[in-house]
Amino acid sequence: MAKPPQDIKQLFQQYSENDTMTIDDLLRFMIEVQKEENATIHDAQAIFKHFNIFHSRRGLHLDAFFRYLLDLNPPLPVKVHQDMEAPLSHYFLYTGHNSYLTGNQLSSKSSVEPIIKALRWGVRVIELDLWPNSKKQKDVKVCHGGTLTSPVDLIKCLHAVKDNAFVASEYPVVITFEDHLTPNLQAQVADMVIKVFGPMLYCPGTDCLEKFPSPESLKKRVLISTKPPEKFQNSKSSSKKGTLMIEKSYSNTNSDTTDQRDQLDDGEFIEEVDEEKAAPEYRNLISIHALKLKGRLESIFQDIIQNKAKRLSMSEQQLENAVTKYHGTDIVRFTQQNLLRVYPKGMRIDSSNYNPFVGWEHGAQMVAFNMQGSGKYLGIMQGMFRGNGRCGYVKKPDFLLNDDQYNDVLVPCKPKQVKTTLKVKIYLGEGWHLDFRRTHFDRFSPPDFFVKVRIAGVQADKRKMRTRVIMNQWIPEWNEKFEFPLTVPELALLRISVYDFDDIRKHDFAGQTCLPVSELRRGIRAVPLHNREGDQYKHTRLLICFQFD
């Protein structure tokens, strides 16, 4: 069992008398050290009640006080606390890409399991690609068209969404359809959707909303977002083209030129299809109308700005090109009323992900990620949406809702001023001996742990630091301080990773987490660690103090 470090002992002595801490003493500690200004005597009493096996008739002793710090002090608020009454366009949404795939984008299995897992993580936007089922002419399948991925029935996906949509969060779920169906099959999809979701389905009853409703007003509702297809492509022809599409994607990547990177391919922006051609039952389901435009980059956002309450999709490469061409302010202005969805470029056949900050810095609400697998960027995405009570919606910073503020904060030519400095003191860690085998890290000795502490955010705020290595300890104690000056704390994320040092091979992974800086609770907090995929360990955690100047 971990023992209190010297700082904790000193704090206990400062806020106790005769080696015991009364309820009044604990409340004073919560307000003065933990900065819980709204804490009441009832909160302190609840802590005493939780630890009734440890305290004497007069109060908590040191070991009980230490367990309180380790057991009852999460680093983030556990409840939704942001304003949820603004339009959907004012929030970042936890968004999945090809949500049905279990692995790579080329040959993996399609299943409802990734959909269920994503929803239970708090993902609020699920993407389904709809294709005719060649084996069952009146059926619709979900798969990644033009590839070797196996299909899953649409009806199974819809039931998976219904049964799991509001397990992690009451706030609305958006289903985006990438539609490759005939009008007859669209009508069949409409019938399926209505029967499965019933009153859960939000149908605004109008062709285009003037502005999006708020997440609060859409609690426990399901929204459909799609653009009716330009033309029908049957599954047989698309499957024959699969290999060609894959080969073409490789050749396109290998033949990139400077000119291609500096401008968007006009072919990627197709004029919005006349929705009257779609089945009317299907068209009436759409609450978020998807949009693509034709034309040169210079006119895209000027033309689109008048089309309120719609969704535009761009690949990660298209967004980077638009930003490179100095259209950042245009994108921010567009996202103040409309939704922007960013998706991985086609060459990410391994289901890897990209830097989400390019989208977030420009107000993109739906930065779509492959949720299967692991990696640095997926960890950052998970960290962003640990905020606001893990409800899947995070309010965008004010500067993304105001053109002048955006220019002052993020335009590259503007000088960057430090708004605040995050101070992090890592005390110790515990729990590895309970979550890992004794021989997991080293066969003949305890592990040699060290911690990497990093800031992910805008370019000016990125920092990397690390602790020293503590040799041969299952419960390492570092007691090390780090400072991070931040120019845009609203978008900063604190990344923490623990490794077992190895001077010959690659360091062994021992846990990680990512936390939104703007939501960190001040004071001494117990920070749970997660595995590479983002699942939380049962016991493994760090004791850390967070302060701001």
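Looking at heavy atoms from C-beta onward, V173 lies in side-chain contact with V161 at the 4.5 angstrom threshold. You'll find the side chain of F399 stays beyond 4.5 Å of the side chain of V332, heavy atoms only. Contact check for P489 versus L422: no side-chain heavy atoms found under the 4.5 Å cut-off. Taking 4.5 Å as the limit, every side-chain heavy atom of T421 sits out of range of all side-chain heavy atoms of F484. In this structure the side chain of T487 reaches within 4.5 angstrom of the side chain of V458, judged on heavy atoms.
Side chains of R311 and S313: a donor on one and an acceptor on the other come within 3.5 Å. Using modelled atom types, one finds no donor on one side chain facing an acceptor on the other under 3.5 Å when comparing T182 with N184. With no hydrogens or angles considered, a side-chain donor-acceptor pair links E519 and Q82 at under 3.5 Å. Counted by atom type alone, D129 and Y100 present one or more donor-acceptor pairs between their side chains at under 3.5 Å. No hydrogens or angles considered: nothing links the side chains of T226 and D179 as a donor-acceptor pair under 3.5 Å. One side chain, N98 or Q105, offers a donor N or O that lies under 3.5 Å from an acceptor on the other. A donor-acceptor pair shorter than 3.5 Å cannot be found between the side chains of S89 and Q337.
Between Y393 and F385, the distance separating the two ring centers is not shorter than 6.0 angstrom.
Judged by distance alone, with hydrogens and angles left aside, the side-chain atoms of K396 form a donor-acceptor pair with the main-chain N or O of G363 at under 3.5 Å. Checking side-chain atoms of S110 against main-chain N and O of S150 turns up a donor-acceptor pair under 3.5 Å. A donor-acceptor distance shorter than 3.5 angstrom exists from the side chain of N402 to the backbone of Q405, with no hydrogens or angles considered. Distance alone, capped at 3.5 Å, places no donor-acceptor pair between the R495 side chain and the L493 backbone. At least one donor-acceptor pair closer than 3.5 Å links the side chain of T324 to the backbone N or O of E320. Side-chain atoms of D153 do not come within 3.5 Å of backbone N or O of K156 as any donor-acceptor pair. Side chain of N164 to backbone of I116: no donor-acceptor contact under 3.5 angstrom is found.
Ionic pairing of E490 and K419 is present here: one or more N-O contacts between side-chain nitrogen and carboxylate oxygen are shorter than 4.0 angstrom. For E316 and R348, the salt-bridge test passes: some basic side-chain N is under 4.0 Å from an acidic carboxylate O.
For Y171, the side chain to side chain donor-acceptor pair (under 3.5 Å) partners are E216, not counting sequence neighbours. By the side-chain contact (heavy atoms from CB on, under 4.5 Å) test, T513 pairs with R386, I496, L515, V527, L529, H530, sequence neighbours left out.
Here the straight-line distance linking atom NZ of K310 with atom CZ of F334 works out to 10.0 Å at 0.5 Å rounding. With values rounded to the nearest 0.5 angstrom, T176 atom OG1 is found 9.5 Å from I288 atom CD1. Annotation: the span from C157 atom SG to L128 atom CG amounts to 5.5 Å, rounded to 0.5 Å. Atom CG in L181 sits 8.5 Å away from atom CG in L154 (nearest 0.5 Å). The CG atom of N133 lies 5.0 Å from the CG atom of D139; values are rounded to the nearest 0.5 Å. Here the straight-line distance linking atom CD of Q186 with atom CZ of F177 works out to 11.0 Å at 0.5 Å rounding.
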Would you give me the side-chain donor-acceptor pairs under 3.5 Å for residues 373-380, sequence neighbours excluded?
none

**Request:** Go through E127 and R341 one step at a time and tell me if the salt bridge (Lys or Arg N to Asp or Glu O under 4.0 Å) criterion holds.
**Result:** CA-CA 11 Å; E127 182 188 30; R341 180 177 179 272; 3.1 Å; yes
**Message:** I'd like to know whether F197 forms a side chain to side chain contact (heavy atoms under 4.5 Å, CB included) with L158, so could you lay out the CA-CA distance, the side-chain angles of the two residues, the decisive distance to 0.1 Å, and finally the verdict.
**Reply:** CA-CA 8 Å; F197 294 111; L158 296 179; 3.9 Å; yes
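Residue W121 comes nearest to Y94 through the heavy atom pair O-CE1, 3.9 Å, listed as atom of the first residue, atom of the second, then distance. Closest non-hydrogen pair, M371 versus T95, comes out as CE-O, 3.2 Å. A pairwise comparison of heavy atoms in D461 and P485 identifies OD1-O, 4.0 Å as the closest pair.
With S497 as reference, R454 is the one residue of R454, R532, K452 to meet the side chain to side chain donor-acceptor pair (under 3.5 Å) rule.
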